[in-house]
Protein chains: 2
Amino acid sequence: MSTERPGFALPLLLLAGFQTLVDALHEELAERGHPDARPMHGFALQAVGGGTTAAELGRRLGVTKQAAAKTIAALEAAGYVERAADPTDARRVVVRPTARGRDLLARSAEIFDELRTRWVRELGEDAVRTMEDALGRVTSGPRLDAPSWFTR
Amino acid sequence: MSTERPGFALPLLLLAGFQTLVDALHEELAERGHPDARPMHGFALQAVGGGTTAAELGRRLGVTKQAAAKTIAALEAAGYVERAADPTDARRVVVRPTARGRDLLARSAEIFDELRTRWVRELGEDAVRTMEDALGRVTSGPRLDAPSWFTR
DNA sequence: TATGTTCGACAACATGGTTGTCGATATGGT
DNA sequence: ACCATATCGACAACCATGTTGTCGAACATA
């Protein structure tokens, strides 16, 4: 008969795991030329992708276009994106990552790979795969609307 | 030779797992007498425990006492805690969960147990245990300072 | 009793979210 | 060609949750 484990530990462990990874990411990012990148930057930049508009970004992040516009302003001030008028539609202002923005995304991907490798060394490939597979089954795809989610 | 899985999926999966559980929790809470409980309420109430003060709560949550005081005000407005002067120290105002607050915590624990059972049915006891054990090893204990963490 | 620390409160501000409104620009039906 | 409608970005006002900094009152102790 198996020990009854309390259910409340699971969410705390998942959150702690996420925090651990993101904290480690930003420690490494700081040492690789992005000392003032913040979790929100990476999320939003990921959602910007190759280029979008404020309204579209809002839809991707699950927030209003006004909120997206503020995020874009912050990202622009940080030098991660630039804005340019769309010649084919005078209403639109296209947002694209700068070279520095693309560098941030590339470094992040690289660091996340290293962190996964670190977990594999610590826990074994099987455990990590089991975790990934299990979470993939009980969740409905990766959601990008994290920044706003908690206080909702 | 194993397939190289990209590292960036792991944090997204962990976050998605956390969100899935907390979303399900609040769906259930809504049906059990707590329709307007929000994630923050549970966290803060958990940190309040049997009773504390604003300054102590701030230390537990890793925020300033001012932020803790605002949180307490919100919790009090929602009817989850009550404040009373400490007869032994005229500076202190003790915060305690109300009956409703204790009910929220009890229901939450109960629902989290049910959710874990649901995951065990879906994934198997082994997978869930593997996940719990693995996360327990790579993280340093449950942190209660979640609400503030993201925007930092 | 004098000094230092802790408590809670208040003010001012930053950030990131919301609604609501607005003028300018596309778009599609008549 | 024209007009109704939808969309885009901007602006204002507000809410929520943090932050610093300051303060008086109450405790603790040398």
Side-chain angles (χ1 to χ4, degrees), chain A residues 19 26 36-48 51-78 80-96 143-152, chain B residues 19 26 36-48 51-78 80-96 143-152:
Chain A
Q19 289 176 329
H26 283 88
D36 41 0
R38 291 190 295 117
M40 202 212 71
H41 290 147
F43 261 90
L45 206 50
Q46 192 73 42
V48 167
T52 26
T53 65
E56 174 58 25
L57 180 61
R59 283 189 288 265
R60 290 187 194 172
L61 291 175
V63 300
T64 60
K65 59 182 179 178
Q66 291 88 337
K70 288 189 192 181
T71 299
I72 288 171
L75 244 40
E76 190 180 23
Y80 290 125
V81 299
E82 56 195 1
R83 308 188 316 148
D86 183 339
T88 75
D89 186 339
R91 293 170 308 177
R92 305 175 80 222
V93 175
V94 177
V95 182
R96 288 168 320 187
R143 290 160 48 179
L144 246 37
D145 62 344
S148 60
W149 177 83
F150 205 92
T151 56
R152 194 201 30 175
Chain B
Q19 289 177 328
H26 283 88
D36 40 359
R38 291 189 296 116
M40 201 212 71
H41 290 147
F43 258 93
L45 206 50
Q46 191 74 42
V48 167
T52 24
T53 64
E56 175 57 25
L57 179 62
R59 283 188 288 265
R60 289 186 194 173
L61 292 174
V63 299
T64 59
K65 60 184 178 177
Q66 291 88 337
K70 289 188 190 179
T71 299
I72 289 170
L75 243 41
E76 190 180 24
Y80 290 125
V81 300
E82 57 194 2
R83 307 189 315 150
D86 183 337
T88 76
D89 185 339
R91 293 170 308 174
R92 304 176 80 222
V93 176
V94 177
V95 182
R96 287 168 322 188
R143 290 160 48 181
L144 245 38
D145 62 346
S148 60
W149 177 83
F150 206 92
T151 57
R152 191 200 30 177

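Throughout, protein chains are lettered first and strands after them, A, B, ... in sequence-line order, and every chain is numbered starting at 1.
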Take A:A54 and A:K70, find for each the nucleotide of DNA chain D with the closest heavy atom, and name the residue whose nucleotide sits nearer the 5' end.
A:A54

Rounded interatomic separation in angstrom, taking [atom1] from [X] and [atom2] from [N]:
| X | N | atom1 | atom2 | value |
| --- | --- | --- | --- | --- |
| A:L57 | D:dT7 | CG | C1' | 16 Å |
| B:D36 | D:dA16 | CG | P | 13 Å |
| B:E56 | C:dT6 | CD | C1' | 12 Å |
| A:M40 | C:dT15 | CE | C1' | 9 Å |
| B:L61 | D:dT17 | CG | P | 13 Å |
| B:I72 | C:dA9 | CD1 | C1' | 12 Å |

Result block: side-chain N/O donor-acceptor pairs under 3.5 angstrom for residues 52-59 of chain B, not counting sequence neighbours:
residue: B:T52; atom: OG1; partner: B:V48; partner atom: O; Å: 3.3
residue: B:T53; atom: OG1; partner: B:E56; partner atom: N; Å: 3.3
residue: B:E56; atom: OE1; partner: B:R59; partner atom: NE; Å: 3.3
residue: B:E56; atom: OE1; partner: B:R59; partner atom: NH2; Å: 3.1
residue: B:E56; atom: OE2; partner: B:R60; partner atom: NE; Å: 3.3

Atom pairs, N/O to N/O, protein against nucleotides 25-27 of chain D, distance under 3.5 Å?
residue: D:dC27; atom: OP1; partner: B:A90; partner atom: N; Å: 2.5

All N/O contacts under 3.5 Å from nucleotides 20-22 of chain D to the protein, with atom names and distances to one decimal?
residue: D:dG21; atom: O6; partner: B:Q66; partner atom: NE2; Å: 2.4

Kindly list each side-chain donor-acceptor pair under 3.5 angstrom involving residues 65-74 of chain B, sequence neighbours excluded, with atom names and distances?
residue: B:T71; atom: OG1; partner: B:A67; partner atom: O; Å: 3.1

Toward the 5' end of DNA chain C, by each residue's nearest nucleotide, A:T71 or B:R92
B:R92

Has B:R59 got a side-chain N or O lying under 4.0 Å from the OP1 or OP2 atom of C:dC7?
yes

Quick one: is C:dG16 close enough that its OP1 or OP2 comes under 4.0 Å of any side-chain N or O from A:R38?
yes

How would you label the contact of B:A55 with the nucleic acid (heavy atoms, under 4.0 Å): base, sugar-phosphate, or nothing?
sugar-phosphate

Pairs of donor and acceptor atoms involving the side chains of residues 80-94 of chain B, under 3.5 Å and at least two apart or interchain, shall be tabulated with distances.
residue: B:Y80; atom: OH; partner: B:H34; partner atom: ND1; Å: 3.4
residue: B:E82; atom: OE2; partner: B:R96; partner atom: NH2; Å: 3.2
residue: B:R83; atom: NE; partner: B:E76; partner atom: OE1; Å: 3.4
residue: B:D86; atom: OD1; partner: B:T88; partner atom: N; Å: 2.8
residue: B:D86; atom: OD1; partner: B:T88; partner atom: OG1; Å: 2.8
residue: B:D86; atom: OD2; partner: B:R92; partner atom: NH1; Å: 2.7
residue: B:D89; atom: OD1; partner: B:R91; partner atom: N; Å: 3.0
residue: B:D89; atom: OD1; partner: B:R91; partner atom: NE; Å: 3.2
residue: B:D89; atom: OD2; partner: B:R91; partner atom: NH2; Å: 3.0

